[in-house]
4 protein chains.
Amino acid sequence: MTKKPTDKRQAILDAALKIFAENGFHSSPTSQISKMANVGTGTIYRYFENKDSLINALYDEVDQRLRATAWEDIDEQAPVRENLFHLLGIVFRFLLDNPSDFKFFEQYYNSPYGIEKKRSQEETCDKPMVMIFEKGIEQQIIKDLPHDLLFALCFGPMTMLIRDQLTGYFTITDEMIQTTIKATWDSIRL
Amino acid sequence: MTKKPTDKRQAILDAALKIFAENGFHSSPTSQISKMANVGTGTIYRYFENKDSLINALYDEVDQRLRATAWEDIDEQAPVRENLFHLLGIVFRFLLDNPSDFKFFEQYYNSPYGIEKKRSQEETCDKPMVMIFEKGIEQQIIKDLPHDLLFALCFGPMTMLIRDQLTGYFTITDEMIQTTIKATWDSIRL
Amino acid sequence: MTKKPTDKRQAILDAALKIFAENGFHSSPTSQISKMANVGTGTIYRYFENKDSLINALYDEVDQRLRATAWEDIDEQAPVRENLFHLLGIVFRFLLDNPSDFKFFEQYYNSPYGIEKKRSQEETCDKPMVMIFEKGIEQQIIKDLPHDLLFALCFGPMTMLIRDQLTGYFTITDEMIQTTIKATWDSIRL
Amino acid sequence: MTKKPTDKRQAILDAALKIFAENGFHSSPTSQISKMANVGTGTIYRYFENKDSLINALYDEVDQRLRATAWEDIDEQAPVRENLFHLLGIVFRFLLDNPSDFKFFEQYYNSPYGIEKKRSQEETCDKPMVMIFEKGIEQQIIKDLPHDLLFALCFGPMTMLIRDQLTGYFTITDEMIQTTIKATWDSIRL
DNA sequence: TATGAATGAGCATTCATTCAT
DNA sequence: AATGAATGAATGCTCATTCAT
């Protein structure tokens, strides 16, 4: 049984993610990616128009993965607070466990790519967040603030902590995760 | 009155900051920088050993600028809460008013440079933060958490909001700044 | 029939030899070499790690060529004197007929490359020389001197004459070659 | 008492000789030369039109030095053989003791400079050689060969040995010098 | 469909030379 | 006369992309 075409595409994406996360977009020659993916140099161009396309496709994939994770086990009937704690915990854990995804994301946002992409919050991992926010505001549990602000309050601290951990600055414990989520909750609760 | 040698060095740094912020390190040819700085290509290498040196020197300069701003008008005798609100407000405003500084910083941290630099929190804009944290903890006004975590809680949301604004996502109003700071305070207060 | 990959490598070596011999290593841009070889600039770097590698590979090639020539028609059973005259004649002729090889060699030895290479006499064109020397010494036909000295006595005059001829100083006739070899023989014979 | 202008010229020549001998013409920036000579970068251009001029002037100086050495203690009345042995010994020793001069010379001859200069044998260290050759031939002590050939026979072996020694290949002893001169004599004597 | 050799535009960096002081 | 900051042409090398097989 031979590889399905999808396999090559996926191998390229997987290799690209690792290499981009490690070295940055511009220090990651396509030749290195194709080598790690065990495909020919030209093959990348059969699946992606050019390097930029590959980067954007990779963003979409990582974004999908994160979104799927965020939805995981969300019980729409559960209380807002419980859902938020659950979701933040899952995302936190996911990003810590998938540092390449995190690094790629950060790089993407802080580059011309991210600016062009003009992250559309509605399309990211935040459908459930929106649901939680709206329900929380309606129930007068969460401050009535713009979603963007609530979003930044929820993910800003987490993001900064993970970045610090990845630069070797310190180690995040499970307890620290809970403490952070608790503090995050304090910042948005009414 | 003739140009001091510092002028050229500064012209290079200024040009580099703008171009790096706009295009990223790797899409910013030294030739473009020297052109914008109105100096010869070779002149950059009289002031900086190589492009990496320039980037690191630029980081130091921006860091200095931010640190100086953070210390501004801090009255050590004033209440903790007041000092924190003041400081966060100033930093928020500074980063919004100096988007190139912000973009450069973010890029730097999310690149091999930042990882090598291993941000030493004690040396950044946070001497006053440390003071505030310690005093707040001592007075049982602020949660007794690691400084790193408190730091992330203070600057994470702000950072994410500014990034969003710079990607054109929305506009941050003065009222929003105050709201954010208030929420930030809620996340760390006891 | 298509070009074998070796063709491009060889074309690069050939072009490099001519240009190096003419202008010296440092006045021979890789762009000029690639142009004369009818290949793209980057192609050089598919076959050689960098310019230094190219130079060293070229040395190996020229060395091989000379060595092969020196061995040519050597009849191990023939008398020492006959063998020596034959070999010196062949090498003399070869270097006169291949001035690029000669110039390249001289340049190589009088540069940091040659010093690093630390010419290992045993590995150059001199296996047959060693044989001749040892046999001659054993038969008490040749002076019992260090091989290095015998080597210098054999090739020093020849080298200097060829250099003079290449600088346009005068023309070496076949008779001159024979006279030189005869004199060389006189310097080492017992 | 301040430096005479000549001092600076000489300082530049001295520095250039060392640096050229060590690194080759093209790996010896004028800035490095001026630094070692303790003069300003521009100062070189007050004494020499450009780098090429400096190289040629340096050649002339080294050449003068060698010529002066060769003439040293030559007693025109002494026997040809004695004079030749004396002169070769002095030159051999000089070149061994002044490796920078030797290396510079070799580099010069094996470069486009040397070819342009078209070494005029009459102008080098060989006035005394010519005298010796002519007298020797007249007295039927030396083979009646072209001066060029006699010259190559005299200096070829010496040159090759010194080069070998400088590449670290082996060490030349005083005894070796005498042996070499003796062999050289054998090659040109009748 | 897949490959990887070949390409050449693009970039960091060097260094001979100039010229204002 | 002497200086050294400034210059920019020149060069080695990289890497995204193409295309013949």
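Excluded from the calculations below are hydrogen atoms, water molecules and symmetry mates; all remaining heavy atoms, backbone and side chain alike, are included. Just so it is clear, the structure is predicted and the values come from calculations on it, not from any experiment. Each chain gets a letter, A, B and so on, in the order its sequence line appears, and its residues count up from 1.
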Tell me which nucleotide among dT17(F), dT1(E), dT14(E) gets nearest to the side chain of R46(A). dT1(E)
Any side-chain donor near an acceptor of the partner, Y108(B) and N56(B), under 3.5 Å: yes
Is K18(C) salt-bridged to E22(C), cutoff N-O under 4.0 Å? no
Give the rounded distance in Å between these two atoms: OH of Y47(D) and C1' of dT3(F). 12 Å
Round to the nearest Å and state the distance from R9(A) atom CZ to dA2(E) atom P. 13 Å
Without decimals, in angstroms, what is the distance between K8(D) NZ and dT3(F) P? 4 Å
Please give, in whole Å, the distance from dG12(F) P to N50(B) CG? 20 Å
d(CG, L54(A); P, dT17(F)) in whole Å: 10 Å
Between F20(A), F104(A), F25(A), which is the residue that forms a ring-ring contact (aromatic ring centres under 6.0 Å, His included) with Y113(A)? F25(A)
Does the side chain of T43(B) get closer than 4.0 angstrom to OP1 or OP2 of dA6(F) through an N or O atom? no
Between C1' of dC15(E) and OH of Y45(B), the distance in whole Å: 13 Å
Report yes if the side chains of N110(C) and K103(D) come closer than 4.5 Å at any heavy-atom pair, otherwise no. no
Short side-chain donor-acceptor distance under 3.5 Å, Q10(B) and D14(B): yes
For Watson-Crick and G-U wobble pairs within 3.5 Å on both distances, what is DNA chain E written in dot-bracket notation, | included for inter-strand pairing? .||||||||||||||||||||
Integer-rounded Å distance: dG4(E) P and M36(A) CE: 17 Å
Could you walk me through whether Y59(D) and F105(D) satisfy the ring-ring contact (aromatic ring centres under 6.0 Å, His included) test, starting with their C-alpha distance in whole Å, then the side-chain angles of each, then the deciding distance to 0.1 Å, before giving a yes or no? CA-CA 7 Å; Y59(D) 171 77; F105(D) 251 122; 5.3 Å; yes
Quick one: does N98(D)'s side chain have a donor or acceptor within less than 3.5 Å of a partner on S100(D)'s backbone? no
On DNA chain E, nearest-nucleotide positions of V39(C) versus E49(D): which is more 5'? V39(C)
May I ask you to decide if I19(A)'s main-chain N or O and S28(A)'s side chain share a donor-acceptor pair within less than 3.5 Å? yes
Pairwise N/O distances under 3.5 Å, protein to nucleotides 9-11 of chain F:
none

Strictly below 4.0 Å, N to O, side chains only: are E106(D) and R163(C) in salt-bridge contact? yes
Nucleotide dA6(E), atom P - distance to CD1 of I33(C) in whole Å: 17 Å
